[in-house]
There are 2 protein chains.
Amino acid sequence: MYMFTTYDESVGQLTNQTNKLIMRYLNSKLELYDITLEQWIVLLKLSQQDKITQKKLAENVDKDQPTLARILDILERKKLVERKPNEKDRRAFSVQMTEKGINLKKHVTPLLENLFATIVEGISDEEMETYKRVLLKINRNITIQEKVEK
Amino acid sequence: MYMFTTYDESVGQLTNQTNKLIMRYLNSKLELYDITLEQWIVLLKLSQQDKITQKKLAENVDKDQPTLARILDILERKKLVERKPNEKDRRAFSVQMTEKGINLKKHVTPLLENLFATIVEGISDEEMETYKRVLLKINRNITIQEKVEK
DNA sequence: TAACAATAATTGTTGAAACAAGTAAATGAG
DNA sequence: CTCATTTACTTGTTTCAACAATTATTGTTA
């Protein structure tokens, strides 16, 4: 027996609130390493696929090109990544991690593993599976809807 | 039988990605009414409790005071809310919706109901309950953790 | 009551998202 | 090959988040 309110804005607000909490929490922990969550995500993706163009990296981290470019500006200022000329395309850059960036990654990875273990404590595997499935369904609903409207 | 990877960053990233999709989608729809999702949430809370101080409103929408103040600046510029002197405390304002704001709310509410119906399509009540439960558990885990660390 | 602490709001700053507009280089069609 | 189009990236602008510092008012207490 469920109320109509199951399908109202509270779903969106709860998702948003939790997301904010997660980001705020992780950001507060990452401060120690003088890095933000957004910057970390870019580093993480770079560590998985080095020497990549900004366009591809932007797609991988799900941000638009200007946003990624400005995150890279910051990471470059911190000497964690480098933009090198792309030999095949003079419009493009080849982004890669520096030694300092690789080193930082080694320290931050275990920290985040611990933090996530804390965050999902007391949530059963089954609940987590359902949670992810619902997220993917919402994802799909919106993506499909956006395509339909085009 | 689940992998170790159930408890890794992918949870956070999926949550973040979905949240971004929802916000992007709703924002694109709200453009018609020349309003953003953040601004809408403030209006909605105001409609539930009018004549409130900025401090309390900030708590209600889970934003800090400077952030809320700037959203109110925008809403005031758009003539959707008004700041009136608080009679009991000359430091504080009493924020309330204008006629224009009340009118806008009447138009936007049904739109958002429709949008949320689309967003959660194909998700069973049971899945939705679990989804919300997991969000609340994550919420609690982080909130407790933050308290512990203080 | 005078001094001090707490509170409500604002301003400044940094980081980030999203979009528009611009530049330079690459590509494709005639 | 030339010219139009597309592509990769940058810059500008608006909106928002979070934090620090400041102003004005209120509450407290010695």
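Chain letters run A, B, ... following the sequence lines, proteins first and then strands; every chain starts at 1.
- When heavy atoms are screened at a 4.0 angstrom cut-off, Arg24(A) is found touching the sugar-phosphate backbone but no base atom.
- Residue Pro66(B) is the one, among Pro66(B) and Ile74(A), whose nearest nucleotide of DNA chain C lies closer to the 5' end (criterion: closest heavy atom).
- Of the candidates dC19(D), dG15(C), dA18(C), dC19(D) carries the atom nearest the Asp64(B) side chain, counting heavy atoms from C-beta on.
- Here the side chain of Gln54(A) is nearest to one of dT10(D), dA8(C), dA16(C), namely dT10(D).
- Residue Phe93(A) has its side chain nearest to dT10(D) when only dA9(C), dA18(C), dT10(D) are considered.
- The listed nucleotides are dT15(D), dG12(D), dA17(D); the one nearest the side chain of Thr67(B) is dA17(D).
- Thr118(B) and Asn141(A) make their closest contact through O-ND2, 3.5 Å (heavy atoms, listed as atom of the first residue, atom of the second, distance).
- Distances from the side chain of Asp89(A) to the nucleotides dA8(D), dA9(C), dA17(D) place dA8(D) closest.
- Using a 4.0 Å heavy-atom distance criterion, Thr36(B) is classed as a sugar-phosphate-only contact.
- The distance from atom CD of Gln39(B) to atom C1' of dC16(D) is 10 Å, rounded to the nearest whole Å.
- Comparing dA17(D), dT10(C), dG15(C) against the side chain of Lys63(B) picks out dA17(D) as the nearest.
- To the nearest angstrom, P of dA25(C) lies 19 Å from NZ of Lys55(A).
- Taking atom CD on Glu31(B) and atom P on dC19(C), their separation rounds to 8 Å, with Å as the unit.
- Donor-acceptor pairing under 3.5 Å, judged by distance alone, is absent between the side chain of Arg91(B) and the base of dT26(D).
- In this structure, of dA8(D), dA20(C), dT10(C), it is dA8(D) that holds the atom nearest to the side chain of Gln65(A).
- Listed pair Arg77(A) / dT14(C) fails the phosphate criterion, with no side-chain N or O lying under 4.0 Å from OP1 or OP2.
- When rounded to the nearest whole Å, the span between CG of Leu57(A) and P of dT10(D) equals 12 Å.
- By the 4.5 Å heavy-atom criterion applied to side chains, Trp40(A) and Thr109(A) are counted as neighbours.
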Take Gln13(B) and Leu44(A) through the side-chain contact (heavy atoms from CB on, under 4.5 Å) test and state the conclusion after the steps.
CA-CA 12 Å; Gln13(B) 283 179 36; Leu44(A) 185 67; 3.8 Å; yes
- Please report the C-alpha distance between Arg70(B) and Lys63(B) in whole Å, then the side-chain angles of each, then the deciding distance to 0.1 Å, and finally whether the side-chain contact (heavy atoms from CB on, under 4.5 Å) criterion is met. CA-CA 11 Å; Arg70(B) 276 180 257 244; Lys63(B) 299 187 192 303; over 6 Å; no
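- In this structure, Arg83(A) reaches the dT10(D) phosphate: one of its side-chain N or O atoms is under 4.0 Å from OP1 or OP2.
- In this structure, Arg90(B) reaches the dT26(D) phosphate: one of its side-chain N or O atoms is under 4.0 Å from OP1 or OP2.
- Panel note: side chain Asn16(A), backbone Gly12(A); no donor-acceptor pair is recorded below 3.5 Å.
- With rounding to whole Å, Asn86(B) atom CG is found 19 Å from dA24(D) atom P.
- The CG-C1' distance, from Asn16(A) to dA17(D), rounds to 12 Å in whole Å.
- Using a 4.0 Å cut-off between charged nitrogen and carboxylate oxygen, Arg83(B) and Asp73(B) count as a salt-bridge pair.
- What separates CD of Glu59(B) from P of dA8(C) is a distance of 9 Å, to the nearest Å.
- Here dA17(D) presents its P atom at 16 Å from NZ of Lys20(B), a figure rounded to the nearest Å.
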